[in-house]
Amino acid sequence: MLRSQFEQQLTKLHRKFYDMGVQVSDAINKAVTSFIDHDRKFANEVIERDDEINELEIRIEKKSFELIALQQPVTIDLRIIITVMKASSDLERMGDHAVSIAKSTIRMKGETRILSIEGEISKMSLQVQKMMDAMLNAYIEYDFERAKEISKWDSVVNDYYDSIHQKSVQIMKENPETVVSGHDYLSVAGFLERIGDYVVNICEWIVYLQTGKISELTSSNNERTV
C-alpha cells in the first residue's frame, strides 16, 4: 500500500515537471512573439507570469526533498527525483531568459528595426521551440534515445546565433542609428542560444533517468560519459 502511494506521488511529481515545461515553453514563445511583433502588452504578460514559474520550481523542489526524506527511495526512484529536481532548475532558468527577451521588447520601443535580422530571430526561435516541445515529449515517454537525437538539433540554433551575431555587428558598423537595436538583437539571440543549451541539459538528464549515467550530449553528435 505504501509503495503504491509512493508511486502515485512520483507520477504526480513527473507530471508537475511536464506542466512546468509547458508553461516555460509558452513563455518563450510569447516572449519572442512580443519581440518580433513589437507587442509590449504581450511582453509584460510574460514578465508578470514569471513568478508562477518560479513558484512551480520551488514546489517541485520541496516535494522532491520530502520524498527523499520520508520514503527512502530505491535507485530508480531516486533517479526520477534527481532528474526532476535538476531539470526543473534548468526550466526555471529558461523562464528567466524568456523574461529577458520580453524586457528587450519594452526597451526597443522607438528604435530602428532591422527586419532581416528579426526574421532570423523568428526562425531561431522556431528551432528552439521545436527542441523544447520534443524534449518534453521525450521526458514524459522516458525516451532517452530520442533525447540524444534532440540534442543534435542544437547545432542549428548555434548556426542561427552565429549568423545573427555577424549580421548585427556588421549593420551596427555601417549605421550608428542601429546600435541600440543591434545590441538587443545580439542579446535576444544569446538568450535563445542559452535556452537551447538548457534543452540539451535536460536531454542529458533524460538519458541519466534511463541509464544511470551522466552524459554530456553535444550538437556534434558526440556523447561523452563523465
Side-chain angles (χ1 to χ4, degrees), residues 7-33 46 49-50 52-57 59-61 63-64 67 76-98 101 122-161 191-223 225:
E7 289 176 350
Q8 289 177 7
Q9 289 177 317
L10 275 182
T11 299
K12 288 181 180 179
L13 186 66
H14 192 58
R15 175 56 64 175
K16 281 182 181 178
F17 172 83
Y18 179 81
D19 292 342
M20 181 181 178
V22 170
Q23 191 160 333
V24 170
S25 179
D26 183 60
I28 295 166
N29 181 51
K30 286 182 177 178
V32 176
T33 299
V46 173
R49 295 195 65 183
D50 186 53
E52 296 177 21
I53 293 173
N54 295 339
E55 180 61 27
L56 279 172
E57 197 234 346
R59 281 166 26 201
I60 287 172
E61 183 179 73
K63 187 61 179 179
S64 297
L67 290 176
I76 182 61
D77 298 332
L78 190 58
R79 286 213 301 265
I80 293 173
I81 296 170
I82 290 173
T83 296
V84 170
M85 288 178 64
K86 295 292 186 178
S88 63
S89 177
D90 287 334
L91 284 180
E92 191 274 334
R93 293 186 183 99
M94 292 159 74
D96 288 343
H97 289 319
I101 293 171
S122 181
K123 292 177 182 177
M124 184 181 184
S125 172
L126 288 174
Q127 178 67 15
V128 170
Q129 200 75 42
K130 175 184 173 183
M131 289 179 66
M132 182 79 180
D133 294 343
M135 174 273 291
L136 290 173
N137 286 331
Y139 171 83
I140 208 71
E141 295 170 4
Y142 296 102
D143 191 342
F144 75 98
E145 290 294 347
R146 179 66 168 162
K148 290 179 182 179
E149 184 64 30
I150 293 164
S151 70
K152 300 173 187 177
W153 302 352
D154 192 43
S155 61
V156 179
V157 175
N158 294 336
D159 287 344
Y160 275 122
Y161 174 77
F191 295 137
L192 287 172
E193 191 272 337
R194 285 192 285 277
I195 289 171
D197 288 342
Y198 281 123
V199 172
V200 173
N201 285 355
I202 297 176
C203 286
E204 292 171 359
W205 286 112
I206 294 170
V207 173
Y208 166 77
L209 178 61
Q210 289 298 298
T211 67
K213 295 180 180 179
I214 299 176
S215 301
E216 182 179 341
L217 305 178
T218 70
S219 57
S220 58
N221 300 341
N222 296 322
E223 178 184 352
T225 302

Side-chain contact, heavy-atom cut-off 4.5 Å: K63 with Q9?
yes
CG on L13 to CG on L67, rounded to 0.5 Å:
6.0 Å
CD-CG distance between E204 and L217, expressed to the nearest 0.5 angstrom
4.5 Å
Rounded at 0.5 Å granularity, tell me how far CG in D197 sits from CZ in R93.
12.5 Å
I need the M135 CE to S151 OG distance, nearest 0.5 Å.
12.0 Å
Could you walk me through whether E57 and L91 pass the side chain to side chain contact (heavy atoms under 4.5 Å, CB included) check?
CA-CA 8 Å; E57 197 234 346; L91 284 180; over 6 Å; no
What pairs of residues pass the side chain to side chain donor-acceptor pair (under 3.5 Å) test when at least one of them lies in residues 131-141, not counting sequence neighbours?
H14-Y139, S25-D133
Mark yes or no for whether Q127, through its side chain, and W153, through its backbone, hold a donor-acceptor pair below 3.5 Å.
yes
Are side-chain N/O atoms of T83 and R79 paired as donor and acceptor at under 3.5 Å?
no
To the closest 0.5 Å, what do you measure between OH (Y161) and CE (M124)?
8.0 Å
Got a salt bridge between E149 and K152, using NZ or NE/NH1/NH2 to carboxylate O under 4.0 Å?
yes
Is any side-chain heavy atom of V24 closer than 4.5 Å to one of M132?
yes
